Protein chains: 2
Amino acid sequence: MTEGLRARARLAMRTEIAETAFALFVRRGFEQTTVDEIAEAAGLSRRSFFRYFPSKEDAVFGLLYDLGEELAAAVTARPAEETPWTALHAACAVLLGPMLHRSDEAMALLRLIHDTPTLRARHQDKQDSWRKLLVDALHGRSVPALEADVLASAALAVFDVVCRQWLADPAADPAALMAEAFAVLRPSREA
Amino acid sequence: MTEGLRARARLAMRTEIAETAFALFVRRGFEQTTVDEIAEAAGLSRRSFFRYFPSKEDAVFGLLYDLGEELAAAVTARPAEETPWTALHAACAVLLGPMLHRSDEAMALLRLIHDTPTLRARHQDKQDSWRKLLVDALHGRSVPALEADVLASAALAVFDVVCRQWLADPAADPAALMAEAFAVLRPSREA
DNA sequence: ACACAGGTGGCACCGAGTGTCATACTCGAG
DNA sequence: CTCGAGTATGACACTCGGTGCCACCTGTGT
């Protein structure tokens, strides 16, 4: 039973290090912040930093990868009679909640990712892992393979569009943007 | 007028280096191939390699970035009365031509990108640059901003889906896959 | 023959990431 | 309490991608 304890302690370390790193990234930029600086600020050795995060980028994305499972779960939780596209819309809308709740941090994170090339790239790799989970969730709703892939990819693309638009105009309402964006692509056979 | 000559010579060097590097990547993998090995195989110094390509990854993608402009041009070239989604489909279909023409190389490239994490990430960054060009092209067809962003992102996502499916089943016809994939998301207001 | 330009290689350096080892801590068994 | 096993940590050395700097060469125009 000490397994759970260690796992929780490890998670706490990860979040603490990630928050320390994030503060530095926001202040000085991602590329300009060295791992040594993060390690010193977090009170551990450079070597130990890499025991908690496989790379510097993971200090930014590590905690976000888990959201993919929440997203997929949200899709699965939608009523079965709902069309896939509507279910995807509802699931993405769920993710908007935490973002609006701590919108300053969310905005800072989006901005950081947006204007750091390596983070932009990594972001898309994370989307790729989300996509796989979404495709599985859609298979659970008996959506054919190709269609599931297209719908999942498109939904994530829409999510990105909404984030970009929100970043460009913080006054906009993300939920409204998302409804509008999802409406553009609603498949013809749906209501 | 020697400007043009130098530019052409530089391009020839780039393609030659890129081809040498590509061969090594396919044989030994991207991560396992060092820049020193590429430089030696291409007959220049490590330092000079980085004068032709800003990074090792660019030896893979450098030549592909230009395709974005072709893609955008293909959209602009479509008849004005065509709906944006149909125009995007037609433009993406154009890109399929060269891929089928040298399908072995295309397949090897797709496979290389697909199972190299850093290349997967970079690939998406390239898509991002393509997206910007597509959005501009759609603006030229007087498509509103949000809609243009959504349609361009979705079209590129669809293109990716097709590439993935083709990679998974080389016997499939990419053009047919693409038609099917584009049909999934055809906006309701279109024919 | 001269100066000047651009391409090139060599060298030193930085930062990310990894393997290895020696140490310190913790915790359960005796 | 003590011993030993398992684990976290730090220090060190090393590889590799990427950059700045400088010295060299080569061609071109005067």
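Letters A, B, ... mirror the listed sequences (proteins, then strands); counts begin at 1. Since the model is a prediction, treat every value here as computed from it, not as a measurement.
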Residues which pass side-chain hydrogen bond (donor to acceptor under 3.5 Å, both in side chains) with [X], listed by chain and number, not counting sequence neighbours:
{"X": "K56(B)", "result": "none"}
{"X": "S55(A)", "result": "D58(A)"}
{"X": "E19(A)", "result": "none"}

Item to check | Those residues of residues 11-21 of chain A lying under 4.0 Å from DNA chain D by at least one heavy atom | outcome: M13(A)
Next on the checklist: Is there a side-chain contact between S48(A) and the phosphate of dG10(D), meaning an N or O under 4.0 Å from OP1 or OP2?
Outcome noted: yes
Test: ring pair (Phe, Tyr, Trp, His ring centres under 6.0 Å). Region: [range]. Which pairs qualify, not counting sequence neighbours?
{"range": "residues 158-185 of chain A", "answer": "W85(A)-F182(A), H89(A)-F182(A)"}
{"range": "residues 11-48 of chain B", "answer": "F25(B)-F30(B)"}
{"range": "residues 92-118 of chain B", "answer": "none"}

Exercise answer: donor-acceptor pairs, residues 133-143 of chain B side-chain atoms, under 3.5 Å, sequence neighbours excluded:
unit_1, atom_1, unit_2, atom_2, d
R141(B), NH1, V75(B), O, 2.9
R141(B), NH1, R78(B), O, 3.2
R141(B), NH2, P79(B), O, 2.8
R141(B), NH2, E82(B), O, 3.2

Atom pairs under 3.5 Å: protein N/O with N/O of nucleotides 22-26 of chain C:
none

Next on the checklist: In this structure, how many angstroms lie between the C1' atom of dT8(C) and the OH atom of Y52(B), rounded?
Outcome noted: 9 Å
Checklist entry - E37(A) has an atom CD; how far is it from atom C1' of dG15(C), in whole Å? => result 11 Å
Item to check | Counterpart residues, side chain to side chain contact (heavy atoms under 4.5 Å, CB included), relative to A93(A) (two or more places apart) | outcome: M178(A)
Checklist outcome for this item: So the salt bridge (charged side-chain N to carboxylate O under 4.0 Å, His left out) pairs with at least one residue in residues 155-179 of chain A (sequence neighbours excluded) are R164(A)-D149(B)
Item to check | Contact pattern, 5' to 3', of nucleotides 12-22 of chain D - B, S or - by protein heavy atom under 4.0 Å | outcome: B---SBBBBB-
Item to check | CZ (R28(B)) with more than 12 external heavy atoms under 6.0 Å | outcome: yes
